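If you read the sequence from its start, that first residue is 1, and numbering goes on from there. Whatever order the structure lists them in is the order used to number ligands and atoms, beginning at 1. As the structure is a prediction and not an experimental result, all values here were calculated from the model. Values below: every heavy atom of this structure, side chains too, minus hydrogens, waters and symmetry copies.
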Amino acid sequence: MSNETRKPIISGNWKMNHNHFEAIQSVQKLAYLLTKDDFAAVDVTIHPPFTDLRSVQTLIDADELKFILGAQHCHESDSGAFTGEVSAAFLAKLNVNYVIVGHSERREIFGETSELVQSKIVAIQKNKMTPIICVGETLAEREAGKTYDKVLGQLRSALEKRSHEQIKSMVIAYEPIWAIGTGKTATADDAQRVISAIREEIAKISSATVASSVRLQYGGSVKASNISEIMSQPDIDGVLVGGASLDSAEFARICQYRLRP
Ligand code: PGA
């Protein structure tokens with residue numbers, strides 16, 4: 001489905017990298033490399049670790065930067081006896097706008113279930129932020145021909161009990177697990193096939209209108225050298241970038257994909 005009406009969204013997921021000094025340097029360098037036209041053409045969200053959020057927020061405000069602040073994770077309760085956790089409500093107070101949820105590292109390393117992912121989505125939207133919901137299959141699932149079962153199953157669960165309006169404002173990131181941090185990327189055609197199946201499923205769950213406005217990202221070893229091909233696909237509206245977002249020069253080139261063939 002043509003993406004003319006959906007503004008591209010490029011997200012940098014720093015994972016557990018960059019302390020708050022490095023975060024400030026990185027954002028300043030990126031701000032220097034990107035232009036007004038870049039921000040008019042794409043939404044750029046940055047997802048630093050929790051300890052960097054306040055510093056990055058202050059920098060964005062003070063220098064009136066156009067980056068959109070994001071987080072990588074949150075707890076589903078507003079407050080309480082949850083040692084070490086950070087609530088969606090606290091993130092909203094820091095002007096965080098986007099929160100990644102259901103990332104495969106959270107699901108696989110920290111045992112987050114689909115139910116937990118659901119309740120985090122509820123908390124994120126209750127606090128007027130946008131969830132970036134990650135879905136994706138393992139290599140074994142892919143080889144067993146279970147890609148669509150896994151991805152669409154995770155999608156159905158995440159969207160359960162959400163209204164049309166709530167679904168419309170979400171971002172869904174298709175991240176094949178075997179492509180994350182491995183240097184292997186799904187071919188652009190392959191990613192397009194799965195992502196267009198995600199859009200069709202959203203149309204079934206909600207409506208064709210909602211499906212045509214939801215922004216869908218690809219994630220998994222995105223780099224400056226493969227971004228143009230990925231973004232040329234009709235259903236791919238953006239990318240969720242891990243490793244390559246740590247290098248400001250590389251990430252700037254990714255954000256400026258439209259300037260190159
Ligand atoms: P990667 O990570 O770009 O390093 O593969 C993507 C992600 O986990 O969001």
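When each of Leu59, Val56, Val27 is paired with Leu69, the side chain to side chain contact (heavy atoms under 4.5 Å, CB included) condition holds for Val56 and for no other.
Among protein heavy atoms, atom 7 (C) of ligand 1 sits closest to Glu175 OE2, 3.1 Å. Among all protein heavy atoms, the one lying closest to atom 3 (O) of ligand 1 is Gly242 N, 2.8 Å.
For the residue pair Leu240 and Cys134, the shortest heavy atom distance occurs at CD2-SG, 3.8 Å. For the residue pair Val239 and Val241, the shortest heavy atom distance occurs at CG2-CG2, 3.7 Å.
Of the N or O atoms in Thr182, none lie within a sub-3.5 Å distance of an N or O in ligand 1. Every N/O-N/O distance between Gly220 and ligand 1 stays at or above 3.5 Å.
In this comparison of Cys134, Gly181, Gly136, the heavy atom closest to atom 5 (O) of ligand 1 sits on Gly181. Between atom 4 (O) of ligand 1 and the options Pro176, Gly243, Gly183, Gly12, the minimum heavy-atom separation is to Gly243.
Less than 4.0 angstrom separates some heavy atom of His103 from each of these atoms of ligand 1: 7 (C), 8 (O), 9 (O). Every atom of ligand 1 with a heavy atom of Asn13 under 4.0 Å away is listed here by number and element: 9 (O).
The local environment of NZ in Lys168 is sparse, with at most 12 non-hydrogen atoms from other residues, nucleotides or ligands closer than 6.0 Å. Counted within 6.0 Å of CD on Glu229, heavy atoms from surrounding residues, nucleotides or ligands total 12 or fewer; the atom is thus considered open.
For the ligand labelled ligand 1, residue Gly219 lies outside the 4.0 Å heavy-atom shell. For Ala179, the closest heavy-atom approach to ligand 1 falls below 4.0 Å. Within the structure, ligand 1 lacks Lys223 among the residues with a heavy atom less than 4.0 angstrom away. Ligand 1 lies within reach of Ser221, whose nearest heavy atom is under 4.0 Å from it.
No donor-acceptor contact under 3.5 angstrom links the side chains of Glu112 and His103, judged on distance only.
Looking at heavy atoms from C-beta onward, Phe50 lies out of side-chain contact with Val96 at the 4.5 angstrom threshold.
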Exercise for review: Apply salt bridge (Lys or Arg N to Asp or Glu O under 4.0 Å) to Arg156 and Glu201, showing your working.
Suggested key: CA-CA 8 Å; Arg156 279 191 290 271; Glu201 193 66 21; 2.7 Å; yes

